[in-house]
Amino acid sequence: MTPAELQAAVRAAVQACVDNGSLSVQVPDVVVVERPKVKEHGDYATNVALTLAKAAAKPPRDVATLLAAELQRADGIDTVEVAGPGFLNVRLAGEALASVVPAVISAGSAFGTNDQASGHSINLEFVSANPTGPIHIGGVRWAAVGDALARLLQASGAKVSREYYFNDHGAQIDRFARSLLAAAQGEPTPEDGYGGEYIHEIAARVLAEHPDALSAVDPQEVFREHGVELMFGEIRQSLHEFGVDFDVYFHENSLHESGAVERAVDRLRNLGRIYEKDGAVWLRTTDLGDDKDRVVIKSDGEPAYISGDLAYYLDKRERGFDRCVIMLGADHSGYVGRLMAMCAAFGDTPGVNLEILIGQLVNLVKDGQPLRMSKRAGTVVSLEDLVDAIGVDAARYALVRSSADSQIDIDLDLWARKSSDNPVFYVQYAATRAASVLRHARDLGVEPGGDLGLLTHPRENELLLALAEFPRVVANAADLREPHRVARYLEEQVAKSAQRFWDDCQVLPKGDEVVLPTAGPRLQLWQATRIVLENGLGLLGVTAPERM
RNA sequence: GCACCCGUAGCUCAGCCGGAUAGAGCAACCGCCUUCUAAGCGGUCGGUCGCAGGUUCGAGUCCUGCCGGGUGCGCCA
């Protein structure tokens, strides 16, 4: 019996009480069935009696007693107790507990998926770092979290497009081009330009490919065009090596060249959201929750940055995405109001058609000291630096295991360690142990199989309960856009229980011992554990090695 | 000044729609290996959940105010 099946059984019990007249309440659509913190409170607990007490006009414990009698009759339930203020504490029968094992094994890589988001077409925009330098640590957080979220949403049945909004238009790109040109001419970095070693490298590569660049009619344009291309190629490559590939790299420039910006502005004008003042074209966003109106077309006739956002959003909606999710760093939190207002201006619903997720900043810590970054000095900590220090798996896991709402410190010494202090190692090690015992079993000719009813050890029960949680952890993490829930679950529930199971429940014979009847069922439990760890780590973009 | 995020054990962080005695890892201390990976496991110690009110049968969780930290508030992109 899975948690979902138990929820259904609890609802059915409420329904039964309503039908037999002992309770007059509306049967709730969803009931909460959770794993109690204290194991004396059973395998699962529900507070449904507490929530229904008021409507039923009965004391919670009386409601609980009525429900307990009904629930007791459901298949797979061993005991139901009324406890505390009116909780129902449920213990499952052994077979019901073990039934998760064949369910996991037969579903395989599909175990944990759900269809709560099926029918939705979700556009996920993240990273979108300007191609004016290597991708730095701020963007990396979203590379890890965004990609994990994409996987979670796909696992929940949604159609997902990962998109990178490629800003190849505007003043920052001009500064980048000027910096390249200056470097190629052996001149110092311009006042407002970009410093750093990479500028010289890119300039040299442009020169190597276009030796006559400096004598071109517009040398800066040559460096702009080819410099952006090279920089962007590097960003794509490092993201690819990080395991993150986008379905669409959307060029801001294309919106300006295709007339999409004008169309978006016209659309808003027809909707009565546009006015003109001081020679500029404004979008009236203050009606829609923003703190000031926004200039869309500047008085010099150039489109302001937001005009690209308007056109891009409209483009996404016209491509059929019903949900657009944009992931931004904390340094962009000031944009939320205007983007939400923009969404409303088009007649859409902020929070539904457009979601904006803000990720707080990441600090890297080395030898107990934060690594300070300076863009001017060129001491930027890039994606490559992070990967060089701790590897892709550790980097992705470290970035994804905390809530994006929290600032995090990543201790490079900790994440490089090969011991259980290191969370990613701990989880991967559990996956490795699963692979190891299965491998040894094959070598010894011991087959998984046999009577799952033999899985009665407390460690086995704990692991079975942990595995059964996976589908709702996935659903919940996807729904809340919080991939860190998957990581925490893998560490605290699956890997933890698996390590304890390993420690207390020997599977294979040692030396000249005989093969015990528990060997087959325990191997199946290890198979299921391996699958959940693989699937869970897979959702985070982290590998589950066969051996360490 | 205004907006958003954060404030939970010495440190790093969880805490799902408000529910039972607030959890985990690290650090400290004490234990457990002749053969499936000790790269591990068990235990002890450790918390006025920033402060003050409020709502509630019940608040770390919701509301208000304050304190502290972070980020942002351009006809920049």
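Just so we're on the same page: letters track the sequence lines, and every chain starts at 1. Below, all heavy atoms of this structure are taken into account, side chains as well, without hydrogens, waters or symmetry copies.
By the criterion of a centre-to-centre distance under 5.5 Å and near-parallel planes under 30°, the ring of A/His41 forms a stack with the base of B/A20. Ring stacking holds between A/Phe87 and B/A20, with the centres under 5.5 Å apart and the planes within 30 degrees of each other.
Against RNA chain B, the stretch residues 395-414 of chain A makes heavy-atom approaches under 4.0 Å through A/Ser402, A/Ser403, A/Asp405, A/Ser406, A/Gln407, A/Ile408, A/Asp409. Across residues 48-58 of chain A, A/Leu50 each have a non-hydrogen atom less than 4.0 Å from an atom of RNA chain B (numbered order).
Using a 4.0 Å heavy-atom criterion, one finds that A/Asp278 contacts the bases of the nucleic acid, with or without backbone contacts as well. Looking at heavy-atom distances under 4.0 Å, A/Ala45 makes contact with a base. Residue contacts for A/Val473: at a heavy-atom cut-off of 4.0 Å it reaches no nucleic acid atom on any strand shown. When heavy atoms are screened at a 4.0 angstrom cut-off, A/Arg294 is found touching no nucleic acid atom at all. Among the heavy atoms of the strands lying under 4.0 Å from A/Gly511 is at least one base atom, whether or not backbone atoms are also near. Contacts of A/Arg338 with the nucleic acid, taken as non-hydrogen atoms under 4.0 Å apart, include base atoms. Among the protein residues, A/Tyr426 comes within range of the sugar-phosphate backbone only, with heavy atoms under 4.0 Å from sugar or phosphate atoms but none that close to a base. Counting non-hydrogen atoms under 4.0 angstrom, A/Glu34 reaches a base of the nucleic acid. Backbone-only engagement by A/Gln499 is indicated by non-hydrogen atom pairs under 4.0 Å involving sugar-phosphate atoms exclusively. Residue A/Ala441 is out of contact with every strand shown, counting any heavy-atom pair closer than 4.0 Å. Backbone-only engagement by A/Ser419 is indicated by non-hydrogen atom pairs under 4.0 Å involving sugar-phosphate atoms exclusively. Residue A/Ala280 is in base contact, counting any heavy-atom pair closer than 4.0 Å across all strands shown.
A/Glu81 and A/Asn89 are not linked by any side-chain donor-acceptor pair at a separation below 3.5 angstrom, with hydrogens and angles left out of the test. Side chain to side chain, A/Glu163 and A/Tyr312 meet the donor-acceptor criterion of an N or O pair below 3.5 Å. Side chains of A/Asp405 and A/Gln360: no donor on one and acceptor on the other come within 3.5 Å. A/Tyr305 and A/Gln172 share no donor-acceptor pair across their side chains, judged by distance under 3.5 Å alone. Side-chain atoms of A/Asp293 and A/Tyr275 form a donor-acceptor pair, as typed in the model, at a separation below 3.5 Å.
Here, B/C26 and B/G65 have their C1' atoms 37 Å apart, quoted to the whole Å. Comparing the same atom, P, in B/C33 and in B/A14 gives a spacing of 37 Å after rounding to whole Å. For the C1' atoms, the distance linking B/G46 with B/A9 amounts to 6 Å, nearest Å. Rounded to the nearest Å, the gap between the C1' atom of B/U61 and that of B/U56 is 13 Å. For the P atom pair drawn from B/G18 and B/C57, the interatomic distance equals 15 Å after rounding to whole Å. Comparing the P positions of B/C17 and B/C63 gives an interatomic distance of 13 Å, to the nearest angstrom. Distance noted for atom C1' between B/C67 and B/C30: 41 Å (whole Å).
Distance check, rounded to the nearest 0.5 Å: CZ of A/Phe126 to CZ of A/Arg141 gives 14.5 Å. Rounded to the nearest 0.5 angstrom, A/Ile358 CD1 and A/Met327 CE are separated by 10.5 Å.
Under 4.0 Å is where a charged nitrogen must lie from a carboxylate oxygen, and between A/Lys418 and A/Asp421 no such pair does. In this structure, A/Lys510 does not pair ionically with A/Glu513, as no charged nitrogen and carboxylate oxygen lie closer than 4.0 Å. Checked for salt-bridge contact, A/Asp192 and A/Arg178 meet the test: a charged N lies under 4.0 Å from a carboxylate O. One finds a salt bridge joining A/Arg522 and A/Glu460 here, because a Lys/Arg side-chain nitrogen approaches an Asp/Glu carboxylate oxygen to under 4.0 Å.
Checked against a 6.0 Å centroid threshold, the rings of A/Phe166 and A/Phe250 do not count as neighbours. Taking the ring centroids of A/Trp526 and A/Phe501, they lie under the 6.0 Å cut-off. Between A/Tyr164 and A/Tyr249, the ring center distance clears the sub-6.0 Å criterion.
Listed candidates were B/A20, B/G40, B/C5. Nearest to the side chain of A/Asp503 is B/G40. Of the candidates B/C17, B/C5, B/A20, the closest approach to any side-chain atom of A/Gln360 belongs to B/C5. Closest contact between the side chain of A/Ala171 and the listed nucleotides B/C17, B/C76, B/A38 involves B/C76. Checking B/G19, B/U37, B/G25 against every side-chain atom of A/His440, the shortest atom distance belongs to B/U37. When distances run from any side-chain atom of A/Arg433 to the nucleotides B/C17, B/G40, B/C36, the shortest one goes to B/G40. Among the nucleotides B/C26, B/C16, B/C41, the one closest to the side chain of A/Arg500 is B/C41. Nearest nucleotide to the side chain of A/Val437, out of B/G25, B/C36, B/C17: B/C36.
Residue side chain A/Asn89 reaches the base of B/A20 through a donor-acceptor N/O pair under 3.5 Å, judged by distance alone. Residue-to-nucleotide contacts include a donor-acceptor pair under 3.5 Å from the side chain of A/Ser299 to the base of B/C75.
Taking atom CD of A/Glu492 as the reference point, atom P of B/U12 lies 17 Å away to the nearest angstrom. Taking atom CD of residue A/Glu491 and atom P of nucleotide B/G40, one finds them 13 Å apart after rounding to whole Å. With rounding to whole Å, A/Lys496 atom NZ is found 16 Å from B/A39 atom P. As rounded to whole Å, 15 Å separates atom C1' of B/G74 from atom CG of A/Asp309. At whole-Å resolution of the value, CG in A/Leu361 and P in B/G72 are 7 Å apart. For the pair A/Asp290 CG and B/C73 P, the interatomic distance rounds to 13 Å; values are reported in whole Å. Across the protein-nucleic acid pair, A/Glu482 atom CD and B/C17 atom P stand 8 Å apart, rounded to whole Å.
In terms of position on RNA chain B, the residue among A/Ile297 and A/Pro423 whose nearest nucleotide sits closer to the 5' end is A/Pro423.
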Query - Watson-Crick or G-U pairs under 3.5 Å in RNA chain B, rendered as dot-bracket with [ ] for crossing pairs and | for another strand - result: (((((((..((((.....[...)))).(((((.......))))).....(((((..]....))))))))))))....

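Of the candidates A/Arg35, A/Arg500, A/Lys496, A/Arg500 is the only one forming a salt bridge (charged side-chain N to carboxylate O under 4.0 Å, His left out) with A/Glu462.
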